[in-house]
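Everything quoted here is computed from the prediction, not taken from an experiment. FYI, the numbering just counts along the sequence from 1.
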Amino acid sequence: MPRRMLHEDIKVPVIKNMIYALRIIFKADKMYLIWNIIDFASNTIFTTFINSVLFLRVLLGIIEKNMDFSYYLKTLLLFLAAGISYEIISVLSDYKFLVGEKRVFKALNNMIFKKAAEVDISCYEDPVFYDKYQRATEIIKNGYFSSFASSVSVVLGNILAFISVVGIVASINAAYLIFLVPVFFVFAVEIVKSRILYKRDYKMATNNRIKAYAQRTVFLRDFSKDMRTSGVFSVIMKRFNIAIQSNIDIIKKYGVRLFALSMVSAFLGELIPIAGTYAFAGYQFIYTDSLSVAGFSVVLSSINSVRSATFNIAQSFSQLSSVALYFQNLHDFFDYESAVVSGEKQPGDFESLEFKNVYFKYPSAKNDSLQNVNLKITKGQTVAVVGVNGAGKTTFVKLLLRFYDPESGEILYNGVNLKEYDLNALRLKFATVFQDYKTFALSVNENVMCRSCSDTDKKIAEKALKQSGVYDKILSLPQGADTVLTREFEEDGAGLSGGEAQKTAVARMFAGNFEIAILDEPSSALDPIAEYKMYENLIRATKDKTVIYISHRLSSAVLSDNIFVLSSGTVAESGSHAELMRKGGDYAKMFALQASSYGRKEEADDEIV
């Protein structure tokens, strides 16, 4: 059974995730982390060791031993050369780092987007998955990969500086190393601290998703009219404020522990090493002859450098541990295995589709959406699947396209279970217009063809737009079919009405090379006249094709060879329009009700005129 995303235990391994983070960043761009390490390591060694300690020791040694000026000048030139080398390395590595950062950003985004496009449709109805997805995107959105790379580099650079400076201190008096022992306990404290930070942020994820939804909804055009003509804005703001207050409570809950750990870290990493070293150095300098002025100065400077390096290591290690934990989210996201698994068989030319004893229930539902569905569709048929809202029509489409698999029973394409076919190849057999159609912030041509368009593609798109009945409207746009839909990215972009957008979505079907057309409520945004014209064009364009209409409006059913009436998730009736009208069952009642409704509407329109 495929491994699914479960409610997770937030105890995650730090070191394991550090290794995973290193692997994923190296996979994105091998040189990015290397140049980052070179940059930080050269900076830390030069400023913390060479500049602050080594130069001071050499200079004081020259003064104490009364060496001549030429030796001092040679030493100065040597340090100057080291400084110039550092600047060259710094400029080059900064450039390489910035370029690499963009490459990693692109590569990680591509990996996340690719995975998001592959996961089951059911994931988008699962709040646990949404939390996973949001936490995975935080790696990019909040720059955690950059923080991780910087933290690795700071830790390595300061470790090198730490070792170098400690070597100098040990050469003066190894007893000073005793005062540095507490420093090593700082790392344990910082690991505990990073885990608490991760738990705090983890618990805030759902609230952050609610906040993001509120922020996004308030600014979207699709919701603007409802926001202004109802009380829904206050409801959304209430949820927004509750989410913020909940985050404040979470921060308070973990605040005391984080403060206490920060104090312990400061005590072990700064107070003991500094106070102990200064006291011991002062004692040696004043009461014994074992420490010279040069040695005293170098020890004090060295301990400050050690303190600085230790602090940087501890802080960066804490950040490194914390950020590495976020890579667990990315790891979990990439490790998700789809329940809908592709087969290997290539589907041949369409001959038949058959549902055999199909049952299906959504993961969070109590009752079956489809139960014991049996029906067959053969090549060249025009079929209508009708029923009231909630009868199972859209679920029927989702199973047909393998967005889900049946709980039991099977769906056959040319007599073979859908599960045996290559998933992408199978879906390409269908041209689908969904009930919740979408247009994208792309040109009209690209919306129709679903790819970057050549001149040939544009001619195909033009024909499809004419067939769907929206071509005259598209011609009136600023750049015709090259106009970008929505003004989100283009000032001269254009918006379409609901009916025009639906016709554009239908044009995708006309432009496709399909064997089976599935139209899920294809005329829901159209008036009766536009609906009639669209169906006329559909009949002409789909001659000798297999067409499946999914609708609660029965105008499409009249044109169909066969009608399947769904009721409470099962096939209640089937037959042609004439046959079902003669039976006088559910279909005949629905048709009579809709016909009388149209009649009343026409009478009302006449009275208005």
Side-chain angles (χ1 to χ4, degrees), residues 12-51 81-118 135-165 187 190 194 198 308-309 311-335:
V12 291
V14 175
I15 301 301
K16 184 178 178 181
N17 282 288
M18 286 184 186
I19 295 170
Y20 178 77
L22 288 170
R23 279 176 38 222
I24 205 78
I25 290 176
F26 267 110
K27 182 179 179 181
D29 187 275
K30 291 181 173 59
M31 294 305 296
Y32 168 70
L33 191 58
I34 292 173
W35 280 109
N36 205 11
I37 291 170
I38 290 171
D39 186 19
F40 277 93
S42 60
N43 175 276
T44 305
I45 290 171
F46 183 78
T47 56
T48 305
F49 174 62
I50 296 176
N51 214 20
I84 293 172
S85 299
Y86 158 68
E87 291 297 336
I88 292 171
I89 292 171
S90 179
V91 171
L92 180 61
S93 57
D94 279 349
Y95 167 74
K96 294 287 189 179
F97 172 73
L98 288 173
V99 172
E101 188 173 52
K102 301 302 180 188
R103 288 175 178 163
V104 173
F105 181 84
K106 176 185 175 184
L108 289 180
N109 263 315
N110 287 345
M111 283 188 268
I112 290 174
F113 291 162
K114 183 176 182 294
K115 187 65 179 182
E118 292 172 351
R135 293 185 192 116
T137 58
E138 282 175 353
I139 296 289
I140 309 294
K141 187 168 57 179
N142 296 336
Y144 285 136
F145 75 90
S146 180
S147 297
F148 180 83
S150 297
S151 298
V152 168
S153 304
V154 170
V155 168
L156 292 178
N158 279 281
I159 286 175
L160 290 174
F162 180 89
I163 293 170
S164 302
V165 174
F187 302 122
E190 291 297 331
S194 68
Y198 178 76
S308 176
F311 178 78
N312 288 335
I313 292 170
Q315 290 293 105
S316 296
F317 192 79
S318 173
Q319 187 177 14
L320 184 63
S321 302
S322 179
V323 171
L325 292 172
Y326 282 95
F327 276 84
Q328 178 71 44
N329 304 322
L330 194 65
H331 199 170
D332 290 345
F333 180 70
F334 283 147
D335 275 359

Only counting residues at least two apart or in another chain, list the ones meeting side-chain contact (heavy atoms from CB on, under 4.5 Å) with [X].
X: Ile159; answer: Val155, Ile163, Ile313
X: Phe105; answer: Asn109, Ile140, Phe145
X: Ile88; answer: Ile84
X: Val99; answer: Tyr95, Arg103

Output a table of donor-acceptor pairs, distance under 3.5 Å, between side-chain atoms of residues 27-36 and any protein atom two or more places apart or on a different chain; print 'none' if there are none.
residue, atom, partner, partner atom, Å
Asp29, OD1, Met31, N, 3.3
Asp29, OD1, Tyr32, N, 2.9
Asn36, ND2, Ala149, O, 3.1

Requested in this report: Only counting residues at least two apart or in another chain, list the ones meeting side-chain hydrogen bond (donor to acceptor under 3.5 Å, both in side chains) with Ser150.
Outcome: none
Query - For Ser93, all residues meeting side-chain hydrogen bond (donor to acceptor under 3.5 Å, both in side chains), sequence neighbours excluded - result: Asp39
Report task. Can you measure from NZ (Lys96) to CD1 (Ile38) and round to the nearest 0.5 angstrom? Result -> 10.0 Å
Query raised in the report: Any salt bridge (charged side-chain N to carboxylate O under 4.0 Å, His left out) pairs touching residues 107-116, not counting sequence neighbours?
Result: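 Found Lys114-Glu118.
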Requested in this report: Check whether any side-chain heavy atom of Phe327 sits under 4.5 Å from a side-chain heavy atom of Ile25, and report yes or no.
Outcome: yes
